[in-house]
Every structure is written in C-alpha cells, then in structure tokens.
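Working notes, structure below.
Note that the numbering runs from 1 along the sequence shown for the chain.
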Amino acid sequence: MIEHETVDKIFETASILDVVSEFVSLKKRGTNYFGCCPFHNEKTASFSVSPAKNIYYCFGCHKGGNSVNFIMEHEQLSYYEALKYLANKYHIEIKETERTPEEQERHDDRESMMVLNEFAKNTFIRNMTDTDEGRAIGYKYFKERGFNEETIKAYELGFSLTDRKAFTDFALKSGYQLRYLTTTGLTIQHDDGYTFDRFSGRVMFPIHNLTGKVIGFGGRVLDARTKGVNVKYMNSPQSEIYDKSRSLYGIYQAKSAIVNKQKCFLVEGYTDVLSMHQSGIVNVVASNGTALTTEQIRLIKKFTDNVTVLYDGDTAGIDAALRGIDMILAEGMNVKVLLLPDGEDPDSFARSHSASELEEFIGANETDFVLFKTRLLLNKAGNDPIKKAELINDIVASIAMVPDDIKRLLYVRECAKLMDIDEPVLKDATEKKLNKITYQQLEAAQKERERERRQKEAALQTQTQQPQTALNNDDAFNKRMHELESELLRYLIKFGNDVLFDVKKDDSSDEMVTVSQYIRNELKTDNLVFRDDACKKIFDCYLSIINDGILPQDNMFTQNHDVEISSLAVDLLINKDEVCDKFWNSRNRYIPPEQSHLMEIINRTLYYYKVEIAQQEIKNIGIIIAQLQSEPDSDDKIAEQLKKLSVFQRYIVKLGEKLGIVMLRK
Ligand code: ZN
C-alpha cells in the first residue's frame, strides 16, 4: 500500500495533457485537445482531453477518467502499478504503509529477485561492450544476425561470459545473496554446494513483464559451441516472479503498438520478434517456445481481439500447432494464419523484406484460421472418405469453439462450401458438438455457483445478515437502477449546490433548498438506499463530503482516489454536457439548458426511480402470493401480502400527484 499523502501528491502533480500526450498525438480545439482514441479503432478524433478539468473522455467508446484511470487502461496496469508509474514520471518519492510480516517477506522476495534480475541484465549488457570476449562473441553474433543498435537496446540484449563462475562471483561480490541467485535460476547450486552460472557463454534475451521489469531470461548457446548440444536455448526456471505460461516475449515492447493497430502477431522465437520489430512490425510477441496457453491468450486479449499467427513455410510442424489455435477461438478472438513461403521463417523473411513489402505480403496472404485449417486438411485427406470424415469432425471441433453465434453460422456456411457437404449436415454436427461443450461449461459453472453459495453461507453465518431478496437477480431492473441512480448522481455532482427553491419559514425568513438537500431528503423520506454498487459508492462519498461541511466540487469525484468513482464521474459529467451544450437535438428541436428547468427534470427522474422500485416490489409480492397459494392454511399470509400490494399501488399514484407528474394509463 502506498501512503495516502503520496497518493494525494501523485493526483495533484499528474497533468492529464502531459500523461496522454506521451501516447496520443493531440490537437488543440478551443479549450480542449482532441486526438484519435487509443482504446477503440477510429479515424476521426473523438478522444478529448480537458486540461482545466484534468480529465480525458472519448465520445466514441465513452471511456473517461483522470491520469490514473488513463495509465491503468492504456498500460493495463493495476491501480498500485499505475500510481508507481506516475510517481516515477514526476519523480515523486513513494512512501508505503506497513505490511504484515508475511506480506513483507513475500514482497521482499519478489522485489529482491527483480532487483537481482535488473543487475544481471545490466551486467550482461556491459559484458557485450566492455569485454573482449563479449565484443568478439556476443556482439558479433547479434551483428551477424543483422540486428542494429536500436533493436539491441530496445530488447536489452546482452552476453553472459564463458567463465562458468563469472556472473555468480561478480553478483556475490556486489552484495547480492546466494538465495536469490538460486531462486531466480541465474545460478545453479549442486548438492555439494558447488555453484556455477546457468547461462555461461550465451547471448542473453531478458524477458520483461508488462511494466518492463525483467522477470526471466532466455539464453542462446553460440554456434561455436552448438556441436553436441541439443538444446540451443535455455530459459530461466519457474519462480515466484517468472511463470513462462503467463508471459509473452516482447509484450512490453509491443503493447502500445498492439492497442494502436488492434492486432497482435504471434511468432515462435526470440529472433522472430526481433527481426519483425526491426523491419517495422512492432506489434509482435512470441510464446517463448512453449505451447500457447490460455493465460498467454488472455494477456493478448487485454489489448486486442485480433491475432495473426505466423508459420514457417514447411508444413510439417503445422498440425500440432493448429490444435493450440482452437484455444484462441474459444476466447472469442479473431484468429488469422499467415503461412510464409517455403523455407522461410518469420526471422529470415522479415530480414529479407522491407516493412512495406512485409505489410503487403501479410495483407495479401493472411487467411482466416478456420478456412485455412479446412483447406489444409482437405488437401491432406484427398479422396479418402475415412480421412474426410475425420476432417469434418476436426473442423466441427474448431467451429464449435467460436462463442459468437453469428460468426459460427458464417463459418458453417463457408466450410460446407469448401468441403462440398450440405450446410444443414455441418450445422447439425456443430450444434451437437456445441451442446457437448456447453454441457461441460454448464457443469463447470454449476460447480462455481455451488462454491460461491457455500462461501456466501459461510459469510452469512459470521455476519448473520439478512439474505438479499430476489430483487438483485433481475438484470433488466438492475440496469434501470444503474441508469436512474447515475442520473440522480449527475444532478448531485453538477448542480448539487444550486438553489432549487425558497421555503418561507414560520418566522417568515427564507430558507433556500439546494438540489442536493432536495434529492437527499426525497430519498430519505422513502427510506431508499442506492442499489447499484458503483453509484452507491459515489453517493456515499458525496454524503461524507457534505457531512464534513464542504461544498462538493466535481473534481472531488473526477480526481477521486477510487478509480471506480472517477471513471463513472467523468462519464456522468461529460457525456450529457456535450448533448446539452448544443441546445438543439438532431431533429432541430430546441433543447433548453438543464439549469432552466431543474425542478422538472429532477422530479421526473425521482418519480421514475421510485416507481421502478415500487413496481419491482409489486412483482415480488406477486411471486410470493403465487408460492403461498400452493401452501395449506396460507390465507392469512396471502391477505397480508395483498395489503402490502395495495400500499405500493397507492404509493405509485401518490407519487405522481406529489411530484406533479400526470400519469397516463396505457
Ligand atoms: Zn474511444
């Protein structure tokens, strides 16, 4: 945890214009700045930055917030990491609050391992420039492979000396502990205590996490020593900080480009990434030589839904690789495949072609994965009917993985044509397969629900809370609650301090009632508490500000330390602003500014809000009565419910009268 004062300082110092400009090119228009949104694909600039309000907002995808929101969203960082990012940018010293001893130890371990990896990375980089061996072997290797200074620097490539104790000894002498040398895997320790470097005599590829910290290394043995060595590459072992199934090589260098291009190229090896990057295709990552995992796919999905997998020209290894792709489909991503010409791999192909040639080749040759797989298997099956039946099953398995109904149907149509079989037959087979998958998913979901239920039960036992009514399970109702509560919050944040009307008191003095007093009072008299979690959070925050005797200002919400509050507040404030400032709607009808008829619009919203809740109660009573009817001797209970029912019905009619709304019967 970062200390409150430090968080305050970060929020105060960070300038949204400054922060956004690093990633988006902005043009000034009036008092605000506009650019193309980094969060959705667009050609016209609908992404706005307001330096005065210190917020950003996109009129296209409605994402908005302050500097912390922006860094979290753009760099895909946690709240904590985003604060650290900004602190680092503005040279603010971070003071952290106390941790429990266990937390501290775990944190210390991870931190120490990262620090050691950083030291190792720098040592390997220096070896390449400052030692004869490094220059003659390591640097020469990268140069011969055609990598320039910029690439070597961007990926922080280095060299580990051939002396088998060089790095371990240097690290120990520099004060690093043996225990971290072994947990990071940089040093291997034998049972008899003898220690030596894991990566001696190798060129080094640091593996970064999303924030650019080195979590592991890949080391490649050099050509002179490859005789008799089966494995050219060696990686850091699994550790507290490095899980190879959850990391992708190059993701740190590629993430902004992936967001920008809304596409990610997936290759196999380190040098594939380097060559593609150097030739200008920056949105590229590698799976570190392991089979692709669901976690790796989700890492990409943070940034884009579109993946293109690159394959070497020889078709031998493709079969096995194809299986991994079904997983990408299952995550709802759009998968394309690019087969390189015979004898080429991404590395060689990128080196022998210019960026524009590469892009042209990709554009002309990348194929949708399902269709690619169908054609490939068709070629293999030839006229063999048994093989063709296998092929259909194989394709059906892939299509069934696609979560989107319409996309799946389109695939069925295309593939039926390709395989020359009846569309209904293929559709039927896909549906059967799908039912099987859905059944498995249902089972998994059921288990999950059961687990949640047990957790809730356990929580109830300790808290002896009243269980929630059926109210909370109605999605449409919850959505309406969110809409109406957001609207009420918007009046509070925007006009909360405006005077709504005067009340003549008994002593004939005037008392002014503000918007916030009016809304609070209306909710309180009917005993209403906000039901939407995010809205309730803002409302409670609003009340606590008022209770402190402070007049709420909109920046208390848009610059709030709670990122859920700030992003919702920006959406509430900006979205409607744009519409109302125009005063004219699309049909050229005049829309008066909200201030001119606040009473009317607030009352209307309150009315809909209360009616919605009352109707939900009536619905619930109906359900209860239906249940009671099947029970013996329930007449009294039913009468009780009916009485409650009429109370709510009268309440709805009264509301209309009180708030001056004429109810029209449908
Ligand atoms: Zn957008």
Side-chain angles (χ1 to χ4, degrees), residues 1-24 38 49 51 53-56 65-122 156 174-177 179-180 183-184 206-216 239-243 246-247 251-253 255-256 299 302 537 541 555-567 569-570:
M1 291 276 284
I2 299 174
E3 264 189 13
H4 197 80
E5 284 73 31
T6 311
V7 181
D8 271 344
K9 204 164 169 193
I10 294 170
F11 270 87
E12 277 161 26
T13 316
S15 132
I16 190 71
L17 188 58
D18 220 23
V19 171
V20 172
S21 297
E22 211 173 294
F23 305 98
V24 183
V49 168
K53 290 183 181 149
N54 215 14
I55 55 174
Y56 69 95
N66 52 44
S67 297
V68 177
N69 295 117
F70 183 83
I71 291 300
M72 283 176 72
E73 181 84 29
H74 194 272
E75 297 295 281
Q76 293 296 316
L77 300 180
S78 68
Y79 180 62
Y80 175 79
E81 289 165 338
L83 286 176
K84 278 190 115 171
Y85 174 101
L86 290 169
N88 186 38
K89 181 178 167 77
Y90 290 101
H91 311 292
I92 296 167
E93 191 198 344
I94 288 196
K95 292 209 180 92
E96 307 214 13
T97 51
E98 301 267 314
R99 294 189 174 89
T100 66
E102 292 83 30
E103 279 172 352
Q104 192 57 40
E105 200 183 312
R106 208 180 109 85
H107 175 81
D108 285 352
D109 281 349
R110 286 177 60 92
E111 200 80 340
S112 303
M113 289 167 79
M114 299 260 201
V115 170
L116 175 59
N117 272 347
E118 182 75 13
F119 169 79
K121 176 197 82 187
N122 289 330
E156 310 192 296
S174 308
Y176 292 91
Q177 293 176 38
R179 120 173 128 106
Y180 297 121
T183 51
T184 51
I207 300 161
H208 301 86
N209 67 7
L210 281 179
T211 58
K213 290 256 172 69
V214 178
I215 50 174
S239 74
E240 184 77 17
I241 56 170
Y242 179 56
D243 180 349
R246 287 171 184 274
S247 63
I251 189 76
Y252 172 64
Q253 288 84 353
K255 61 181 179 176
S256 301
L299 199 56
K302 279 181 165 190
K537 228 176 184 182
C541 170
N555 66 0
M556 293 176 187
F557 305 96
T558 59
Q559 306 300 318
N560 199 284
H561 289 193
D562 186 315
V563 283
E564 203 181 1
I565 292 182
S566 56
S567 66
V570 168

Measure the acute angle between the ring planes of His561 and Phe11, then classify it against the limits of 30° and 60° as parallel, tilted or perpendicular.
-> parallel

What do you reckon, is NZ of Lys89 surrounded by more than 12 foreign heavy atoms closer than 6.0 Å?
-> yes

Is there a side-chain contact between Val68 and Tyr79, using heavy atoms and a 4.5 Å cut-off?
-> yes

Can you find a heavy atom in the side chain of Glu156 that is under 4.5 Å from one in the side chain of Asn122?
-> no

Are any of the side-chain heavy atoms of Ile71 and Leu77 separated by less than 4.5 Å?
-> yes

With side chains defined as the heavy atoms from C-beta onward, is the minimum distance between Thr183 and Asp109 less than 4.5 Å?
-> no

Carboxylate-amine/guanidinium contact Lys213 Glu118, below 4.0 Å | no

Quick check: does any side chain N or O of Asn54 sit under 3.5 Å from a backbone N or O of Ile16, one acting as donor and the other as acceptor?
-> yes

Any side-chain heavy atom of Tyr180 within less than 4.5 Å of one from Val115?
-> no

Any side-chain donor paired with an acceptor under 3.5 Å for Asn69 and Ser567?
-> no

Would you mind reporting whether Val19 and Tyr90 have side-chain heavy atoms less than 4.5 Å apart?
-> yes

Side-chain contact test, heavy atoms from C-beta onward, threshold under 4.5 Å: evaluate it for Asp562 versus Cys541 and give yes or no.
-> no

Any side-chain heavy-atom pair of Asn88 and Lys84 under 4.5 Å = no

Taken to the nearest 0.5 Å, the spacing of Thr184 OG1 from Glu240 CD works out to 12.5 Å

